[in-house]
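One structure is given below, encoded as structure tokens.
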Amino acid sequence: MNEFGIENLPPFQNPPSPDLGELSIVVNKLTKDQDIEAFAKSLSFELVTIEELSSVDILKTGDKKKKQGIVFLNFKIKSSVKKQLRSDFVSGALVKILSKNYGHFTDHNGNVAIVEHTSANPISPIHVGNLRNSVHGDTFARILERTGYKVFRHFYVNDLGLQVAFTVVGYEILRSKHIRPDIKIDHWVGKIYAIMNNFYYSQTTKVKYNLSANDLYFLSSKDVIIVEKRLSSDIKKLREDQRVAEQDQSVPKSKKKTLRDISIKIQKILDQIDEVSKLNSTGIDLRTRFPQIYSSLIIEVKSFDLTEKTRMYLKNFSQDTDERIVELFYEVVNWVLEGFMTTLRKFNIEFDQFDYESKVTHSGLPDELILKLRQSPNIKKVEGKAIRYSYPPEAMKEFRQNLGFTKNDLPIKGHIPELQLTRTDGTALYAAKDIGYSITKFESRNADVVYNVISVEQTLPQFQLLLPLYELGYKNIAKNMKHYSYENVELRGRIMSGRLALYVTADEYFDETFIRSRMAKRKSEVERNIAPPSDHDGWREDNDILLKVTQATTRFPLIETSPKKRIVLDLDRELDFRRNSGPFVQYAHARACGIIEKILSEKGFIPNVAVNPVDLIDDDSIFILTHLLNLKVRIDKAVNQLDPSIIASWCFELATKFMSYYEKYPVLNAENELQLKARLGLIEAVRIGLANGLSILGINPTNKL
RNA sequence: GAGUGCGUAGUUCAGCUUGGAUAGAACGACAGUUUGCGGAACUGUAGGUCGAGGGUUCAAAUCCCUUCGCACUCGCCA
């Protein structure tokens, strides 16, 4: 190589088609000043003398408009050598894949990771939007486990909100009237939440706009009209200001700013009008949809001031000052959480720990941190006891450099807006509690890394936590707390809103899928003239299979696209098994199991690594084995990119390849026994790969369908 | 006004970190395969100015700049 002036050989790559050769190299990279084609020619003359090579071809692109002038050297290896290389590869690959620890890696042995996910508000059932969070969190946790991490799954319980407080007030009313839930608890509480939410905001709106108080918890259409009138006169004034500002040409920059401010104000008022009119329509809607709960609640609520009671309850709960109220909160929240668990268990999702926002607050940690942060040069005092944390560029630079982040590692490159930590009365806001929670989380498990699975809207608040943590001396936490961000879920043709108690719940999604899989299974049994199970055991087995298929069908659509992409779930499409990759992968696995079992019963062979590798040196077998060994690369990529969809595609590709392999290469009817055993070994390798892949995706593989 | 993400076939997406040959799948459309090792299958065909424009390069979907479209975020809700 030296005589050509080449010091480092660029990496070999695989030609796009096998008939071009086994390996190739781009000649353009090797020389700058010489004529590339001449250079390639002399190089090929030299290289073709290598004993193992049968030919070295030169190929130049250039017919198309794009990417022209690339010169490749394509190497073909002598067939005898190739055969030997492939045989060695096959033997080695089979040993690795058929071993017990295939799919389990040790890079992070001894390390601890926490994945915080789902963390849905404990006042309405889990819907498919939350479920995307759960499925991503759970799958990612499983991927981390495969790299050797000890993983703990945490659920952050937001139990300290206003919404929880008025829901608790509503719950207490119904309990005192002995009205018990007649449906799954989280669904039931979801109704209470929607109704109480409407009461609460109807009241505050009435007070704010001085509306007649005779029906304090219901905003009538008359009220809406009054508010509209008042606000539209405000808009008129603003429009006037806008016109004045437009004509003023004195300072162009500040002029722009006031104009912008005015248009923001106008937009805000328009939003207010919209919200008020929605309060009216939602009230009517809830009253008609849930008449019993609605009327029971409204009668009682009229006897007290809801706003005041809600604040009082929240204050007592937050400061841990009234045992009865504290217990009431936990009664509601824990009961709903049980409902969540029942739901998520169907999807194969469980938690190691629930962390309550209230308990973090009761520990006093957030207040301590605020006390310390008050001394920080980055703190700005606002009104009263309110403080804000700011992010000066110098501080950010130091943060970045000391923690070894490059600019591209950070989610936000430019200026970071200030973060308010306390209210005017000095009490901690959510952000301050989150700083406290981050510390508690890390320390409780002595964790090396924490992944917070939170939707993309939270990118800024999540990032804002890091500098205060760093400044407080928690450098490790600031470095190793990662926001696993995901985009939202939309449903084709349906609106989702907790306030309206309108959502496709995770329960419905699962149950509907289960029913459809049962129908599909029956249909296929009829076509194949198989009788449905008649005895108890048969029925149980049938049910078990359907549960596993349903897991695949429900989880796959939520995980198969990158978390950064917004997905639109079309239930008709997801429930059509031919269009959903989940059941397809399950099917491939079941089919592999079926073949292995059949060969055992008919020939008495058990899959084994001791096969004649020459029977597996065809391109298709090599491709499958290479793909199986590639799992490690895919897992690492999924971890680095925070993207489990990489594993979902890996499974799907394996299943597809196996299906076509299976059409092409008969196993039971192989030409001879050696060939049969070799192919059986390959099928076993595929089976192991699919079982591993499914299990990483949180889907229990089924060996029958 | 600032920030972030996304934009690739009729549809849903992969590929972009680290530039390299003919831009890959799936669904849908169309045409085939089956006396079966499980048809929830397989084989094939058609379908693309990679949002637009410019730059860097021997070479750009990929890197840089500009621009358009969509979504989200920007101090007392959690």
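Naming: A, B, ... by sequence-line order, numbering from 1 per chain.
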> What does A/Y665 touch in the nucleic acid at a heavy-atom separation under 4.0 angstrom: a base, only the sugar-phosphate, or nothing?
Replying inline: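 Base contact.
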
>> Under 4.0 Å, heavy atoms only, any strand: does A/S24 hit a base, just the sugar-phosphate, or nothing?
In response: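 Touches a base.
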
Between [M] and [N], how far apart are the [atom1] atoms? Round to whole Å, please.
| N | M | atom1 | answer |
| --- | --- | --- | --- |
| B/rG10 | B/rA29 | P | 16 Å |
| B/rA61 | B/rU45 | P | 24 Å |
| B/rC74 | B/rA40 | C1' | 49 Å |

> Considering Watson-Crick and G-U wobble pairs with both distances under 3.5 Å, what does B/rU11 pair with?
Replying inline: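 Pair assignment: B/rU11 / B/rA26.
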
>> Any strand counts, and the cut-off is 3.5 Å on both contacts for Watson-Crick or G-U wobble. Which nucleotide pairs with B/rC70?
In response: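 Across any shown strand, B/rC70 pairs with B/rG5.
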
> Below 6.0 angstrom between ring centroids: does that apply to A/Y356 and A/F354?
Replying inline: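 No, ring centres 6.0 Å or more apart.
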
>> I want to check one thing: is the phosphate of B/rG39, taken as OP1 and OP2, less than 4.0 Å away from some side-chain N or O of A/R591?
In response: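 Yes, A/R591 has a side-chain N/O under 4.0 Å of OP1/OP2 on B/rG39.
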
> Between A/Y430 and B/rA78, do the rings stack, that is, sit under 5.5 Å apart with planes less than 30° off each other?
Replying inline: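 A stacking contact exists, since A/Y430 sits close and nearly parallel to the base ring of B/rA78.
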
> Near RNA chain B, under 4.0 Å by heavy atom, which residues of residues 417-426 of chain A?
Replying inline: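 RNA chain B contact set from residues 417-426 of chain A: A/P417, A/E418, A/Q420, A/R423, A/T424.
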
> Going by the angle between their ring planes, with limits at 30° and 60°, are A/F652 and A/F584 parallel, tilted or perpendicular?
Replying inline: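 Rings of A/F652 and A/F584: tilted, 30 to 60°.
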
> Does A/E383 get its side chain close enough to the base of B/rC76, under 3.5 Å, for a donor-acceptor pair?
Replying inline: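 Indeed, a donor on one side and an acceptor on the other fall under 3.5 Å apart.
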
> Does any N or O donor sit under 3.5 Å from an N or O acceptor when you compare the side chain of A/T656 with the base of B/rA25?
Replying inline: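 Donor-acceptor pair under 3.5 Å: no.
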
>> Reading RNA chain B from 5' onward, which residue's closest nucleotide shows up sooner: A/E457 or A/N158?
In response: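 In this pair, the answer is A/E457.
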
